[in-house]
Participant: 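Following this message is one structure expressed as structure tokens.
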Amino acid sequence: QVQLVQSGGGLVEAGGSLRLSCAASGRTFSMNAMGWFRQAPGKEREFVGASTWAGLSTYYADSVKGRFSISKDNAKNTLYLQMNSVKPEDTAVYYCAASSAAGRPNTEGDYGYWGQGTQVTVSS
């Protein structure tokens, strides 16, 4: 089992920045990637971006490319999502997740472990 505990989130003005954290523990040796998803009210959960477990490669959804950045502190087994130039449409519950799938997993079904979710609200 892998446990994921998220922190960060809250209310931010459009154009501002926010950072989310996700600490992993447990049987993390079997994981290949950690990622971020988000779910806005009335919408399906969507992929935001992810990092390989070693943190050597990151990849993003087009909607956040150039604005959001993912990094991983391997010593702390913690994944970060740095959100810059946020927009009202970034408002959602953000989830971190861990995957044992090979390659660059980017769908909800690729991820077997999930954090508790954290609300991000961007005011206009």
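FYI, the numbering just counts along the sequence from 1.
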Participant: I'd like to know if the side chain of Thr91 pairs up with that of Glu89 as donor and acceptor (distance under 3.5 Å, no hydrogens or angles considered).
Facilitator: no

Participant: For Gly8 versus Thr118, what's the shortest heavy-atom pair and its separation?
Facilitator: O-OG1, 2.9 Å

Participant: Taking the side chain as C-beta and beyond, is there a heavy-atom pair between Glu108 and Trp114 under 4.5 Å?
Facilitator: yes

Participant: When you check the side-chain N and O atoms of Arg104 and Thr52, is any donor under 3.5 Å from an acceptor?
Facilitator: no

Participant: Nearest 0.5 Å, please: how far is CD in Gln119 from CG in Leu11?
Facilitator: 9.5 Å

Participant: Just by distance, do the side chain of Ser30 and the backbone of Thr28 share a donor-acceptor pair under 3.5 Å?
Facilitator: no

Participant: Could you check Gln82 against Ser17 for side chain to side chain contact (heavy atoms under 4.5 Å, CB included), going step by step and ending with a plain yes or no?
Facilitator: CA-CA 7 Å; Gln82 179 65 44; Ser17 297; 3.9 Å; yes

Participant: Any donor and acceptor pair, going by atom type alone, linking the side chain of Asn74 with main-chain N or O of Asn77 inside 3.5 Å?
Facilitator: no

Participant: In the single-linkage hydrophobic clustering (I, L, V, M, F, W, Y; side-chain heavy atoms under 4.5 Å), do Met31 and Tyr111 co-cluster?
Facilitator: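 Shared cluster, no.
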
Participant: Ring centroid separation for Trp36 and Phe68, is it under 6.0 angstrom?
Facilitator: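 No; Phe68 has its ring centre 6.0 Å or more from that of Trp36.
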
Participant: Considering non-hydrogen atoms only, spot the tightest contact between Gly55 and Lys72 and give its length.
Facilitator: CA-CB, 4.3 Å

Participant: Side chains of Tyr60 and Ile70: does their closest heavy-atom pair fall under 4.5 Å?
Facilitator: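 Yes; the side chains approach each other to less than 4.5 Å.
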
Participant: Side chain to side chain contact (heavy atoms under 4.5 Å, CB included) between Asn106 and Tyr59: does it pass, once the steps are laid out?
Facilitator: CA-CA 9 Å; Asn106 63 356; Tyr59 46 105; 4.2 Å; yes

Participant: Step through the shown structure and confirm whether more than 12 heavy atoms of other residues, nucleotides or ligands are within 6.0 Å of CD on Gln3.
Facilitator: yes

Participant: Report, one line per pair, each donor and acceptor closer than 3.5 Å where one atom sits in a side chain of residues 40-51; sequence neighbours left out.
Facilitator:
from  : atom 1 : to    : atom 2 : distance (Å)
Glu46 : OE2    : Arg38 : NE     : 2.6
Glu46 : OE2    : Arg38 : NH2    : 3.1

Participant: Val93, Val86: one ILVMFWY side-chain cluster at the under-4.5 Å cut-off?
Facilitator: no

Participant: Give the cluster check for Leu18 versus Leu81: same hydrophobic cluster or not, with ILVMFWY residues linked at side-chain heavy-atom distances below 4.5 Å.
Facilitator: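 In one cluster: yes.
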
Participant: Check for a donor-acceptor pair, side chain of Asp110 on one end and backbone N or O of Ala101 on the other, with a separation under 3.5 Å.
Facilitator: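 No; judged by distance alone, with no hydrogens or angles, the pair does not exist.
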
Participant: Measure the spacing between OG of Ser69 and CG of Asn84 and express it to the nearest 0.5 Å.
Facilitator: 7.5 Å

Participant: When hydrophobic residues are tied together by side-chain contacts of less than 4.5 Å, even through go-betweens, does Leu79 share a cluster with Phe37?
Facilitator: no

Participant: Go through the steps to decide whether Met83 and Val120 satisfy the test side chain to side chain contact (heavy atoms under 4.5 Å, CB included), and finish with yes or no.
Facilitator: CA-CA 10 Å; Met83 306 167 61; Val120 171; 3.9 Å; yes

Participant: Nearest 0.5 angstrom please: Trp53 CH2 to Asn32 CG, how far?
Facilitator: 9.5 Å

Participant: If you look only at pairs with a residue in residues 61-124, which of them pass as a disulfide (SG to SG under 2.5 Å), with sequence neighbours excluded?
Facilitator: Cys22-Cys96

Participant: Distance check, rounded to the nearest 0.5 Å: Gln1 atom CD versus Arg27 atom CZ?
Facilitator: 9.0 Å

Participant: Got a second to check how far Ser7's OG is from Gln116's CD, nearest 0.5 Å?
Facilitator: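 Between Ser7 OG and Gln116 CD, I get 8.0 Å after rounding to 0.5 Å.
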
Participant: Between Gln6 and Tyr95, does a side chain to side chain contact (heavy atoms under 4.5 Å, CB included) hold up when you go through it step by step?
Facilitator: CA-CA 8 Å; Gln6 298 179 224; Tyr95 297 89; 4.2 Å; yes

Participant: Could you check whether any side-chain heavy atom of Val122 comes within less than 4.5 Å of a side-chain heavy atom of Lys87, counting everything from C-beta outward?
Facilitator: no

Participant: If you round to the nearest 0.5 Å, how far is CG of Asp90 from OG1 of Thr121?
Facilitator: 11.0 Å

